[in-house]
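Worksheet: the structure to be examined is printed underneath.
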Protein chains: 2
Amino acid sequence: MTRKESILQAATVLFSQKGYKETSTADISGLTNVAEGTIYYHFHNKEKLFLSVLERTREMIIEEFESYMENRHFRDGMEMIENAVSFYMYLAGKMENQFLLLHRHYPYQMALTLPSCRENLEAIYDCLIDIFEEGVLMGQKDGSIAKMPPRKTALIIFSMVDGVVRFKTYNLYDASALFNDIIVSCRKILATDHHYEEGA
Amino acid sequence: MTRKESILQAATVLFSQKGYKETSTADISGLTNVAEGTIYYHFHNKEKLFLSVLERTREMIIEEFESYMENRHFRDGMEMIENAVSFYMYLAGKMENQFLLLHRHYPYQMALTLPSCRENLEAIYDCLIDIFEEGVLMGQKDGSIAKMPPRKTALIIFSMVDGVVRFKTYNLYDASALFNDIIVSCRKILATDHHYEEGA
DNA sequence: AAAAATACCGAGTGTTAACTCAGTTTTACT
DNA sequence: AGTAAAACTGAGTTAACACTCGGTATTTTT
């Protein structure tokens, strides 16, 4: 692994676990056995390093999600959303540090003054919410999902799932224990009145 | 207003808007026209000041919520939850800074090493989720809410609402635009199969 | 193999921020 | 009014941190 790569990895871990301000370039240097000067050689300054971490995070999350969705076939919109929800929860566990980074307030604060930061965050959320919205639209065509505003519905489903993941992040409650209940709640929110299914 | 009080207020604003590490005692001193020494006279150090802010936040949120709930009468459990949800969204706007503080990762990190910090956070979430749980239990008795695990259901409702509030916090989406949709979704999650109401 | 370009190093620098403390002002009490 | 206690002040101290820079090692090119 190149030094540049190991700096990025260590920065991802430390920025997410300790926070941006709480992580010093000396910390990163110590964790990687790469001299501090090298960090500045590759990333110019700490802020740009953070942006690189965020950009990498965006690439990884979007790629993971799109490759999951595209090579798959769903019976109907409802099934698509159920799958998207469970994949989101799976991914939040697999890419723990990246999701933790997104659950910190720092990136959103940086986004207020740094357009490139905001672009990365918006790209991630747009990608995720677009997938949910697509599922709603598909479900409304095939009759598995009731008529309701697609974008808003996607946002609500997303915030429900993300909120539960956050409980885990905050060490308040174990998200995986709520997995089934989340899926059931999604179905209830989306179900059409007549053909109401309750599976386990 | 006493100096101690104005320090607490300024600290609440700055810690929530800028972050803990990003706020210096000089910042607080500047905003209050109180000398830095005075901050240390009253709070001993920056960490203890933060804890005082958090304790105050806990007191205020719990008091607001309990006084809202206790002087009120609900037709059934469903109505109680609807009211709790809308009051939560109202309060998140009214006490913007305190909620922002709770939406930052810092307090949860501090909670890992500082039991008194964890106690404050748990007290807040316990209070809120207890209220939702109580609503579920009530609704299951009076028939307005379906049979489902009360605690888990309360957690899901809570994370849905809190997740939407967070969109606002992060400047990604305006929570108030989703208000009606949230209420409708809650009803759908909770409703009994037979007596399914859909109001506006 | 020599030269050029790239990657890397870590001691040094300037700044910032938490916290202290010796002294001053205000309040409380007799 | 006089005195003791509490509240307050801000210059000074110390440590940590982001970043620089002159020099060295490594890789690439010719």
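Throughout, protein chains are lettered first and strands after them, A, B, ... in sequence-line order, and every chain is numbered starting at 1.
Counting non-hydrogen atoms under 4.0 angstrom, B:Ser24 reaches the backbone sugars and phosphates but no base. B:Thr2 comes within 4.0 angstrom of nothing in the nucleic acid, heavy atoms only.
One atom, CD of A:Glu22, and another, C1' of C:dA18, lie 15 Å apart when rounded to the nearest Å. Following rounding to the nearest Å, A:His44 (NE2) and D:dC19 (C1') show an atom-to-atom distance of 10 Å. Taking atom CG on B:Asn33 and atom P on D:dC8, their separation rounds to 13 Å, with Å as the unit. We find that CD1 of B:Ile28 is positioned 12 Å from C1' of C:dA17, with the value rounded to whole Å. Whole-Å rounding puts the B:Lys21 NZ to C:dA18 P distance at 9 Å. For the pair B:Tyr20 OH and C:dA18 P, the interatomic distance rounds to 8 Å; values are reported in whole Å. Atom NZ in A:Lys18 sits roughly 8 Å away from atom P in D:dC17 (whole-Å rounding). Put simply, NZ on B:Lys48 is 14 Å from C1' on C:dA18, counting in whole angstrom units.
Residue A:Phe87 forms a ring pair (Phe, Tyr, Trp, His ring centres under 6.0 Å) with just one option from A:Phe179, A:Phe74, A:Tyr68, and that option is A:Tyr68.
Comparing atom distances between the B:Asn45 side chain and each of D:dA18, C:dA18, C:dC19 picks out C:dC19 as nearest.
With A:Asp162 contributing its side chain and B:Gly163 its backbone, the two residues share no donor-acceptor pair below 3.5 Å. In this structure a side-chain-to-backbone donor-acceptor pair under 3.5 Å is missing from B:Arg118 to B:Thr113.
Under 3.5 Å, the side chains of B:Glu36 and B:Thr25 contain a donor-acceptor pair of N or O atoms.
The residue among B:Tyr41 and A:Thr23 whose nearest nucleotide of DNA chain D is located toward the 5' end is B:Tyr41. A residue-by-residue look at B:Gly37 and B:Tyr40 shows that B:Tyr40 has its nearest nucleotide of DNA chain C further toward the 5' end. Between B:Lys46 and A:His42, the residue anchored closer to the 5' end of DNA chain C is A:His42, taking for each the nucleotide with the nearest heavy atom.
In this structure, B:Arg3 does not reach the D:dA7 phosphate: none of its side-chain N or O atoms is under 4.0 Å from OP1 or OP2. OP1 or OP2 of D:dA7 has not a single side-chain nitrogen or oxygen of B:Thr38 nearer than 4.0 Å. Of the side-chain N and O atoms in B:Thr25, none sit less than 4.0 angstrom from OP1 or OP2 of C:dA17.
In this pair, B:Phe50 and B:Tyr106 present their aromatic rings perpendicular. The plane angle is above 60°, beyond the 30 to 60° band.
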